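Okay, so here's the structure we're looking at.
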Amino acid sequence: MLLQKLRSAALIHPPRWLVDNTQYLTVMGSVSYGVSGETSDVDVYGFCIPPKDIVFPHLAGEIPGFGTPRERFDQWQQHHVRPPDGRETTYDFQVFGVVRYFQLLMECNPNVIDSLFTPRRCVMHSTQVGEIVRENRKLFLHKGAWHKFRGYAYSQMHKIKGKVNASNPARAETIGKFGYDVKFAYHVVRLLDEVEQIMVEHDLDLERNREQLKSIRRGEWTLEQIETHFEAKERALENTYATSTLPHAPDEARIKGVLLGCLEMHFGSLEGAVRRDASVARLVGEIQDILARYGAA
């Protein structure tokens with residue numbers, strides 16, 4: 001695994017337990033959207049399972065609100081990591097703790113939800129736990145995605161209008177050539193296309209719109225066309241939101257069942273760590289059946 005090689009070369013400095021407990025890593029960004037097959041900067045997202053007493057601090061005797069809290073872990077990130085083989089590629093890592101990862105998925109955070117829908121060729125590392133989470137990726141989709149994705153698209157539109165220069169020479173060049181940052185522009189169109197897929201098809205294909213996104217990155221759209229597309233698509237998606245048959249909110253009980261099933265597979269029995277009602281226990285049983293099938297493969 002890439003993380004092991006980088007740690008051995010002392011090029012990354014995650015918590016000592018993280019590398020061996022990483023469950024899933026996938027390439028994100030333009031490569032996963034089918035927009036660029038070659039890039040010198042590679043974004044890598046994933047999740048790990050921290051030690052049991054970090055996931056369940058009460059096992060170490062912590063009483064919430066009393067004394068010094070025990071160690072917490074949400075995520076580890078490190079940027080501009082160059083591998084030891086001399087290649088020009090640099091990596092930007094974001095590895096979340098499994099609880100934080102599930103929470104962001106449940107909120108339909110665009111960056112994090114995309115990480116479960118990347119093409120299989122982008123998946124760098126996946127354990128049985130990683131496969132279970134990926135297999136259940138549609139469980140995290142709900143109508144709240146519209147609000148999240150629209151908010152991110154608004155942010156990109158604001159950056160397009162306010163960004164008159166850029167510290168990145170290549171992006172500064174595109175601003176000078178086309179009058180706006182084409183990378184921000186293609187993200188606007190991408191985000192709206194993705195949330196339309198989520199609401200209409202209850203699924204997500206990150207590469208479906210790649211030809212249109214490529215044309216935007218080549219500067220074939222004017223800024224006026226981007227703004228017009230954004231406004232028209234936003235109006236259409238308001239109607240799509242109203243008629244979508246996706247649930248309004250995530251099924252928290254089912255998602256919790258998947259999370260507990262993953263933790264149980266990793267740690268063994270969670271007896272004494274968490275109390276579950278019958279419905280959650282049944283869901284965990286279903287997850288364990290799936291895990292058994294993977295183990296037999």
Side-chain angles (χ1 to χ4, degrees), residues 26 28-30 32-35 43-47 74-75 77 79 92 94 96-97 99-118 137-164 166 168 171 175 180-210 212-213 216-217 221 223-252 255:
T26 187
M28 298 281 286
S30 60
S32 66
Y33 305 130
V35 177
D43 295 321
V44 179
Y45 276 49
F47 75 91
D74 283 335
Q75 72 179 93
Q77 54 185 324
H79 302 288
D92 292 337
Q94 288 199 64
F96 298 89
V99 176
R100 180 60 175 161
Y101 190 66
F102 266 64
Q103 181 64 34
L104 292 171
L105 289 170
M106 197 163 62
E107 294 171 1
C108 276
N109 177 286
N111 290 334
V112 177
I113 202 74
D114 278 4
S115 71
L116 284 185
F117 289 86
T118 54
R137 60 191 180 274
K138 294 182 184 179
L139 183 61
F140 297 98
L141 303 179
H142 55 86
K143 290 175 75 169
W146 167 230
H147 307 295
K148 284 286 188 177
F149 277 72
R150 178 172 59 179
Y152 273 56
Y154 267 118
S155 174
Q156 297 297 309
M157 282 299 299
H158 177 74
K159 290 176 181 178
I160 291 173
K161 295 178 180 180
K163 196 86 169 179
V164 295
N168 183 309
R171 295 181 69 172
I175 294 172
Y180 67 96
D181 192 318
V182 294
K183 188 170 183 179
F184 287 142
Y186 102 77
H187 282 307
V188 168
V189 175
R190 173 186 65 79
L191 286 160
L192 296 179
D193 175 71
E194 285 185 21
V195 76
E196 181 177 40
Q197 288 187 52
I198 289 171
M199 290 194 293
V200 174
E201 301 175 33
H202 306 185
D203 201 354
L204 186 54
D205 178 353
L206 298 186
E207 296 186 289
R208 177 179 299 181
N209 206 27
R210 60 183 177 273
Q212 184 184 53
L213 300 182
I216 296 171
R217 292 202 70 172
W221 289 39
L223 179 56
E224 183 180 4
Q225 285 177 301
I226 297 294
E227 293 174 331
T228 300
H229 178 88
F230 175 78
E231 292 167 3
K233 197 75 168 179
E234 184 186 23
R235 288 194 298 270
L237 288 175
E238 287 286 1
N239 293 328
T240 302
Y241 175 85
T243 59
S244 174
T245 58
L246 266 180
H248 280 274
D251 187 336
E252 189 170 326
I255 292 172

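These figures come from a predicted structure and were not determined experimentally.
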Q.
Let's go through L141 and I113 carefully: what are the C-alpha distance in whole Å and the side-chain angles of both, what is the deciding distance for side chain to side chain contact (heavy atoms under 4.5 Å, CB included) to 0.1 Å, and is it a yes or a no?
A. CA-CA 8 Å; L141 303 179; I113 202 74; 4.0 Å; yes
Q.
Can you see whether Y152 engages N109 through a side-chain donor-acceptor pair at a distance of less than 3.5 angstrom?
A. yes
Q: Keeping the roles fixed (side chain from Q197, backbone from D205), state whether a donor-acceptor pair exists under 3.5 Å.
A: yes
**Q.** Parallel, tilted or perpendicular: rings of F96 and Y45 (30°, 60°)
**A.** tilted
Q. Taking it one step at a time, do R150 and E238 satisfy side chain to side chain contact (heavy atoms under 4.5 Å, CB included)?
A. CA-CA 10 Å; R150 178 172 59 179; E238 287 286 1; 2.3 Å; yes
Q. Looking at residues at least two apart in the chain, or sitting in another chain, which of them share a ring-ring contact (aromatic ring centres under 6.0 Å, His included) with H147?
A. Y241
Q. What distance separates K233 NZ from E196 CD, expressed to the nearest 0.5 Å?
A. 3.5 Å
Q: Answer yes if the side chains of S30 and Y186 hold a donor-acceptor pair under 3.5 Å, and no otherwise.
A: no
Q | Minimum heavy-atom distance between I198 and L246, given as atom pair plus value | A | O-CD1, 3.2 Å
Q | N-O pairing of E201 and R208 below 4.0 Å | A | yes
Q | Closest non-hydrogen atom pair, G29 against S32 | A | O-OG, 2.8 Å
Q | Between CZ on residue F184 and CD1 on residue I226, distance to nearest 0.5 Å | A | 13.5 Å
Q) How far apart are the closest heavy atoms of E207 and G34, and which atoms are they? A) OE2-CA, 3.6 Å
Q. Say you draw a straight line from OG1 of T243 to CE of M199; how long is it, rounded to the nearest 0.5 Å?
A. 8.0 Å
**Q.** Exercise: identify the closest heavy-atom pair between L192 and L237
**A.** O-CD1, 3.7 Å
Q) Considering all heavy atoms of both residues, which atom of S115 and which atom of T26 are nearest to each other, and what is their separation? A) O-CG2, 3.4 Å
**Q.** Under 3.5 Å donor-acceptor, H142 side chain and D251 backbone
**A.** no
**Q.** Test log, rule side chain to side chain contact (heavy atoms under 4.5 Å, CB included), inputs Q225 and I216
**A.** CA-CA 10 Å; Q225 285 177 301; I216 296 171; over 6 Å; no
Q: Check whether any side-chain heavy atom of N209 lies under 4.5 Å from a side-chain heavy atom of R190, and answer yes or no.
A: no
Q: Report the C-alpha separation of Q75 and L104 in whole Å, then their side-chain angles, then the decisive distance to 0.1 Å, and conclude whether the side chain to side chain contact (heavy atoms under 4.5 Å, CB included) test is met.
A: CA-CA 12 Å; Q75 72 179 93; L104 292 171; 5.8 Å; no
Q: Of all the heavy-atom pairs spanning A153 and F230, show the shortest one and how long it is.
A: CB-CE1, 3.9 Å
Q) Is it true that the side chains of E194 and Y33 contain a donor and an acceptor less than 3.5 Å apart? A) no
Q | Distance (rounded to the nearest 0.5 Å) between R137 CZ and L204 CG | A | 9.0 Å
Q. Can you find a pair of side-chain heavy atoms, one from T228 and one from W221, that are under 4.5 Å apart?
A. no
Q. Under 4.5 Å between any side-chain heavy atoms of H202 and T245, yes or no?
A. yes
(Q) Is the shortest side-chain heavy-atom distance between Q212 and H229 below 4.5 Å? (A) yes
Q. Nearest 0.5 Å, what's the CG-CG distance between L213 and D193?
A. 7.0 Å
Q. Which distance, rounded to the nearest 0.5 Å, do you find between the CZ of R217 and the NE2 of H187?
A. 7.0 Å
Q.
For the backbone of G97 and the side chain of R100, can you confirm whether one donor and one acceptor N or O come within less than 3.5 Å of each other?
A. no
